[in-house]
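A short write-up of the structure that comes next.
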Amino acid sequence: MMAYLDYAGLGRLRPPAVDAMRQALTDVLPHGSAEIGQIFPARRRARAAMATLLDCAVEEIAFVPNTSTGLQLVADGLDWRPGDEIVVFDQDFPANVHPWRALIERGVRLSWVPMRDGGYQLDDIAAAITGATRLIAVSHVHFATGFRVDLDAICALAARTGALVCVDAVQSLGALPLSLTDTPVDFLAAGAHKWLCGPPGTGVFFCRRDRLPLLRLPGGWFGFEGANDMFTEGPGHLRYDLRPVRTAARVEGGMYDVLGLVGLAATLAELADIGMDAVAGRVRELTGRLRTGLVEAGCRVHGPPNANTWSGIVGFTHPAVAGVAFARELVVAGIHVSHPDGIVRVAPHYWTDDSEVDALLTAVTRRLS
Ligand SMILES: Cc1ncc(COP(=O)(O)O)c(C=O)c1O
């Protein structure tokens, strides 16, 4: 492989995660309950690191298998009333549309924000919000064009009418910094398998502390205070009248992906060492080079090249070559990109070498000359 530029599709599991998971696989899991206690603390470490990454409280973090599960918790958890409206975004990834569309049969209406030039305009978002808007369901970064919305502006619009904001952050978390203290979204979900370079099947759900009572959440046995006391109090002490845990972890239910969280804790620790500003700076530098090089090669780069809307994704097309075919040719040549929605999607990360960007630009220029 000459170049890996598909972090928007699937991240590459980082070496510290591989090492930690390998050790858990060989030294811990084959010994069952005799050794499992060694790796249970990984979830606590991952939760603390995730809270630091998102600049929120540990009580606001829950681990879920993927973005979809987190978004579905909000769709299932709010007490929808007929006539409630949800603002959704045209051309958004289906994972952030299906849960809301399913609510139509309960009398909920969807209000669509149109896509223009690969992005969304604040005026259009404002126009989609009415007094009946309960929720704005937005993706931080568009999966194909890479357009990043202004979450602060969206939160400010939502605050005018008291609407809630739910963010799909799978295309930004791990590439761009986000402070949930400064940016007051209510809910956020993101799989860790893309920009966080964590194990597929791990992800995060954030629920702002004072929003937790708004959600009717599933409650597995881990979701109750004192659930573990049955192991210490002796026979005949099983109690079922326990109080639900009053943190986002309530949704975690029962036994979880212990191995996955060992990997996630390792990858989050590495990111914390590097620092999100350094990560985002490098991503910006590489995507800037890609954007310039692709335009020079005659490609149309999608999404406005605005200083505030850039992300880790550069999507491009060329009139002479269909996007899907173009992407496939690049992959065959050892340059890993993807092609959602017919756009060639190039997505470098902090760890991407300059030579990988060069390889892509050379291949595209050659193909088009
Ligand atoms: C914006 C967006 N949301 C959601 C998903 C998928 O989410 P999940 O983690 O549920 O697989 C993707 C995957 O490409 C995506 O780009």
Side-chain angles (χ1 to χ4, degrees), residues 4-13 46 50 54 61-76 86-102 112-113 115 118-120 135-151 154 165-176 178 185 187-206 251 256-257 260-261 263-264 267 283 287 302-303 309-315 323-324 327 336-349:
Y4 191 83
L5 299 165
D6 191 23
Y7 286 90
L10 189 62
R12 301 168 85 179
L13 193 63
M50 189 65 87
L54 285 169
I61 295 292
F63 290 114
V64 287
N66 46 47
T67 324
S68 304
T69 305
L71 299 174
Q72 196 66 49
L73 286 168
V74 179
D76 290 343
I86 303 175
V87 172
V88 284
F89 290 70
D90 188 30
Q91 304 303 311
D92 198 353
F93 194 83
N96 199 18
V97 174
H98 289 311
W100 319 117
R101 277 194 85 227
W112 292 89
V113 177
M115 176 173 255
Y120 303 103
L135 186 88
I136 300 171
V138 65
S139 289
H140 192 189
V141 168
H142 190 267
F143 71 99
T145 68
F147 179 89
R148 170 162 47 113
V149 296
D150 182 345
L151 284 182
I154 291 175
V165 178
C166 178
V167 179
D168 173 340
V170 75
Q171 293 295 6
S172 64
L173 193 63
L176 307 172
L178 176 63
V185 310
F187 312 107
L188 176 144
H193 60 292
K194 295 182 188 282
W195 298 93
L196 284 172
C197 298
T202 60
V204 61
F205 173 60
F206 159 86
V251 308
Y256 56 96
D257 181 0
L261 286 196
L264 184 59
T267 179
V283 168
T287 51
H302 294 254
T309 60
W310 66 276
S311 71
I313 297 174
V314 177
V324 176
H336 275 262
V337 295
S338 41
H339 52 80
D341 214 15
I343 290 178
V344 186
R345 178 173 65 178
V346 190
H349 208 326

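Ligands are counted one by one from 1 in listed order, and the atoms in each one are counted from 1 as well. Scope of the values below: all heavy atoms of this structure, side chains included, with no hydrogens, waters or symmetry mates.
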Per-atom contacts, ligand 1 versus F143 - under 4.0 Å to a heavy atom: 16 (O)
Tell me which donor-acceptor pairs under 3.5 Å the side chains of residues 194-201 have, and how far apart each pair is, sequence neighbours excluded?
residue, atom, partner, partner atom, Å
K194, NZ, A8, O, 2.9
K194, NZ, G9, O, 3.0
W195, NE1, Q171, O, 3.4
W195, NE1, Q171, OE1, 2.9

Which residues pass the ring-ring contact (aromatic ring centres under 6.0 Å, His included) test with F187, sequence neighbours left out? none
Does the residue N96 have a heavy-atom contact with ligand 1, meaning some pair of atoms that are separated by less than 4.0 Å? no
Using modelled atom types only, decide if a donor and an acceptor are shared between the side chain of R345 and the backbone of G315 within a distance under 3.5 Å. no
Quick one: nearest non-hydrogen protein atom to atom 4 (C) of ligand 1, plus distance? D168 OD2, 3.3 Å
Against heavy atoms of N66, which atoms of ligand 1 measure under 4.0 Å? 8 (P), 9 (O), 10 (O)
Using a 3.5 Å distance criterion without hydrogens, assess whether the side chain of H142 forms a donor-acceptor pair with backbone atoms of Q91. yes
Please determine, by modelled atom types, if D168 and T67 share a side-chain donor-acceptor pair under 3.5 angstrom. no
Nearest-contact summary for atom 10 (O) of ligand 1 - protein heavy atom, Å: S68 OG, 2.5 Å
Closer than 4.0 angstrom: is that true for some heavy atom of K194 and an atom of ligand 1? yes
Find all atoms of ligand 1 within a distance of less than 4.0 Å from any non-hydrogen atom belonging to T67, and give their numbers and elements. 7 (O), 8 (P), 9 (O), 10 (O)
Quick check: does D92 get an N/O under 3.5 Å from an N/O on ligand 1? no
Is there a donor-acceptor contact under 3.5 Å from the side chain of S311 to the main chain of G146? yes
Show your working on ring pair (Phe, Tyr, Trp, His ring centres under 6.0 Å) between Y256 and F63 and close with a plain yes or no. CA-CA 9 Å; Y256 56 96; F63 290 114; 8.5 Å; no
For atom 6 (C) of ligand 1, the closest protein heavy atom turns out to be F93 CE2, 3.6 Å
min-distance protein heavy atom vs atom 16 (O) of ligand 1 -> Q171 NE2, 2.9 Å
Subset of ligand 1 atoms that lie under 4.0 Å from at least one heavy atom of A95: 4 (C)
Taking distance alone, with no angle check, do R345 and ligand 1 share an N/O pair under 3.5 Å? no
Rounded at 0.5 Å granularity, tell me how far CG in D92 sits from OG in S139. 3.5 Å
